[in-house]
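Reading through the structure tokens given below for one structure.
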Amino acid sequence: MNSATLLSGVSLIYLGAWFGYVICAASRSTWVGRIATSLMAAAWVLNGVGFVHRWLESHDLGHGRIPLTNQYESMIVFAWAIALIYLIIELRYKNRTIGAFVAPLPFLSLGLGSLLFDTNIRPLVPALQSNWLTAHVITCFLGYAAFAVSFGVSVLYILRGRLNPRGIAAGLIPSEEILDHLNYRAIAVGFPFLSIGIITGAIWADVAWGTYWSWDPKETWSLITWLVYAAFLHARLSRGWSGKRTAILSMAGFGATLFTYFGVNFLLSGLHSYA
Amino acid sequence: MSESVGPRRGEGFWRTLSSLRLTLVLFLLLAAASVIGTLVPQNLPYEEYLRMYGAVAAKLLDLMGMTDLFHSWWFLGLLGALVVHITACSLKRLPATWKALKAPQRPLSDALFRSLPVRRVLEGDDLSHLVDSLRAELLQGGWKARVEKLGNEVHFLAQRGRWSRLGAYVAHTGVLLVLLGAAIGFAFGFKGFMQIQEGEGLDRVQERGGKSWRKLGFEVRCEKFHLSHYPDGTPKEYRSDLVFLKDGKVVLEGPLRVNHPMSFEGYVFYQASYGANARITLEARQDSSVPPRQFKMEPGDTVALDPQGRVIVRFLRYESDLQGRGPAVLLSHLKPEGPPVTGWVFQRDSRAVLEGWHLRLLDAQETRWTGLQVKQDPGVWIVWVGCFLIMAGCAMAFLGAHRRLWVRVQARKNKVVCWVAGSSSRDLPGLDRALERLCGAWQQKAGLRFSNKEGKNE
């Protein structure tokens, strides 16, 4: 079985985990919840296996390189990082309802990745042959994944505010305080990772082209994303914003993240044409 | 002109300058400007804007600096405002932070106990070795503890992670350094480009965006340019074998590859591009009665096709294989009036006709050239130091917290009561967990138990 087939299968396990979390949230059944968590954990492990498998495949083709260099490969890492951050949160906060809002993201990332993009393994062009590649891509995607989780949490927050606070549905969702806190924690993790991602990208650009910053659309949009989350942190930490306002800022930030990730590649042109 | 208005007005300005509202406004403006900068293509020739947006809009874009937005006066002004704002905020808040950081802890009173966010009350039987084991556990947990004895009470005043309060200042200093380094690079840096023929040398570099040349004071020779491909046709390596000569003597030599720049005398050289040039023979034929004329040309050369010197043509560029149709040259017809007209002339089946002259590329002797990006940036190290400070500041601010702990141990008739309370600059749940662990350790090692009467958390 090649890695692309394996990873398509993994996306279906993520889908199963999502169903599990939704059913768990609706029925409060503990054993369904356990199954959902097991599926999520299994999908995460196999996602990692698929990544390593793809790496080995590239060696078999005679031009071994870490699989972090095109749209499809980046979506493998994106899914893996989202699942990782989600599982850490589930472990710490012992709540599975958030899973119903986060689990679709790794499913979509892997599923759309293999449907929409070229899954063939291609060798690296000279500009990508750099040790900075790994640090740059991994940190960026850990950042993106943390933002994805904060987005899921923010959606849940907004939704919770519209429910009858004493109804059954509201009882299933973590309290507004916990959601608000989680939103902040995810961004407090994602922001430093995005910062390292931008900095390692700048160092790499300086090594490759002699320009650490050239206002390329990808660079500029990563800066826009950084500014939105910087605004979030300042508003929350120094101005005491919380709740709905920060949830909306967080959703706007994820919009900017998605545009940095996809929009720039498909709608704008620039140096950063790999992923 | 009353004296009471002046300072108040200044104070208001100062307050605005250091307000968090301004932080958010500046972030919003910078983000919005950046969005525009990615939607409007940057640094194209003016004709392109005319074509895309029409005369009025193109003029407007040009006037507002939108065509080179990130170097426009108003964008640089925004960055300048950010610098002033960050400086003002830091100056305004640093004294209070410093005071909080240095403030001596006072022993825990009942009022203070009730005002603190995280609290516990414990009980024990024996005071004798309690004090030592309490202190031992605090030290074990990384707390810096001071002990004060007041009558029949013993107070522990403990804190940790107080330098994390400076994280925000460190990160903001980093942002200022990045902008300073960028400004220094912008003002004193140099960027240029060299195109060196294989087997030849060059001692000057063309400034980027300009027509001016700069003397290097040494010569760069390209002995050979290598290009290799993977089996599927993807480029694998671009490599120039370079030699740096000073006063005719070889000082440095080595291969220059993408992602592996070379430094020499303060300049850094990057493998940027490659291409082919050619010494060509161009044939021009009018009709069969006149023998065809032949011209030997190099890129940049200009010739007149007719003996009268009216049809003037310049050789712009050579491609060894244009659109899979073989070798081709780009020629420009320079007219006495109006803009020049350019067109490709092929070696195979050429149908190019210019003012009655049939043009054909007879022969091309190809030579390869390597394109080197050349850089001198005295500000780049300041940028890297700034980046490091941003990360260090983030780590201090997000990973650490200034936590303070107050412990009051009071010996009563037949028991010992122990009040514990704490505060933290951020992450109160984290402090709560830490206190839970500490109390657990005290229960095990010092024989304390949670007081039934007063409850765990009141």
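Convention: sequence-line order gives letters A, B, ...; per-chain numbering from 1.
B/N259 and A/W204 share a side-chain donor-acceptor pair at under 3.5 Å.
Taking each heavy atom of B/T38 and A/P217 in turn, the nearest pair found is CG2-CA, 4.0 Å. When all heavy atoms of B/M391 and A/I196 are compared, the closest pair comes out as CE-CG1, 3.2 Å. Heavy atoms only, all atoms of each residue included: B/P235 and A/P126 are closest at O-CD, 3.4 Å. Scanning all heavy atoms of the two residues, the minimum distance from A/L227 to B/A31 falls at CD1-N, 3.7 Å.
Most heavy-atom pairs under 4.5 Å with chain A, from the set B/A395, B/C394, B/C387: that is B/C387. Note: B/V35 leads B/V268, B/I390, B/V35 in heavy-atom pairs under 4.5 Å with chain A. Among A/N131, A/T220, A/V228, the residue making the largest number of heavy-atom pairs under 4.5 Å with chain B is A/T220.
Residues A/L233 and B/F398 meet the side-chain proximity criterion, which asks for heavy atoms closer than 4.5 Å. Put simply, the side chain of B/Y270 reaches to within 4.5 Å of the side chain of A/D206, judged on heavy atoms. Two residues are said to be in side-chain contact when any heavy atoms from C-beta on lie closer than 4.5 Å; A/W241 and B/L24 meet this criterion.
Within the 3.5 Å criterion, the main-chain N or O of A/L124 finds a donor-acceptor partner in the side chain of B/Y230. Judged purely by atom type and a 3.5 angstrom limit, A/Q129 uses its side chain to pair as donor or acceptor with the backbone of B/K236.
The environment of B/N43 atom CG is dense: over 12 non-hydrogen atoms of other residues, nucleotides or ligands sit within 6.0 angstrom. Surrounding NZ of B/K92 are more than 12 heavy atoms belonging to other residues, nucleotides or ligands, all under 6.0 Å away. Counting non-hydrogen atoms of neighbouring residues, nucleotides and ligands closer than 6.0 angstrom, the CZ atom of A/F262 exceeds 12 such neighbours.
Outside the 6.0 Å centre-distance limit, the rings of A/H234 and B/H85 are not counted as a close aromatic pair. Between A/W226 and B/F27, the ring centre distance reaches or exceeds 6.0 Å.
A/F259 does not touch chain B: none of its heavy atoms, backbone or side chain, sits under 4.5 Å away. B/R426 touches chain A through its side chain: at least one heavy atom from C-beta onward sits under 4.5 Å away, while N, CA, C and O do not. Heavy-atom distances place both the backbone and the side chain of B/A182 under 4.5 Å from chain A. Contact annotation for A/A256: neither backbone nor side-chain heavy atoms come within less than 4.5 Å of a heavy atom of chain B. Proximity to chain A involves both the backbone and the side chain of B/S34, based on heavy atoms less than 4.5 angstrom apart. Contact annotation for B/R433: only side-chain heavy atoms (C-beta onward) come within less than 4.5 Å of a heavy atom of chain A.
Distance check, rounded to the nearest 0.5 Å: NE2 of B/H260 to OG of A/S130 gives 7.5 Å.
Residues of residues 373-383 of chain B lying within less than 4.5 angstrom of chain A, judged on heavy atoms, are B/Q373, B/K375, B/D377, B/V380, B/V383 in numerical order.
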Would A/W215 and B/F75 satisfy ring pair (Phe, Tyr, Trp, His ring centres under 6.0 Å), going step by step from the backbone distance to the final call?
CA-CA 13 Å; A/W215 295 107; B/F75 191 80; 5.5 Å; yes
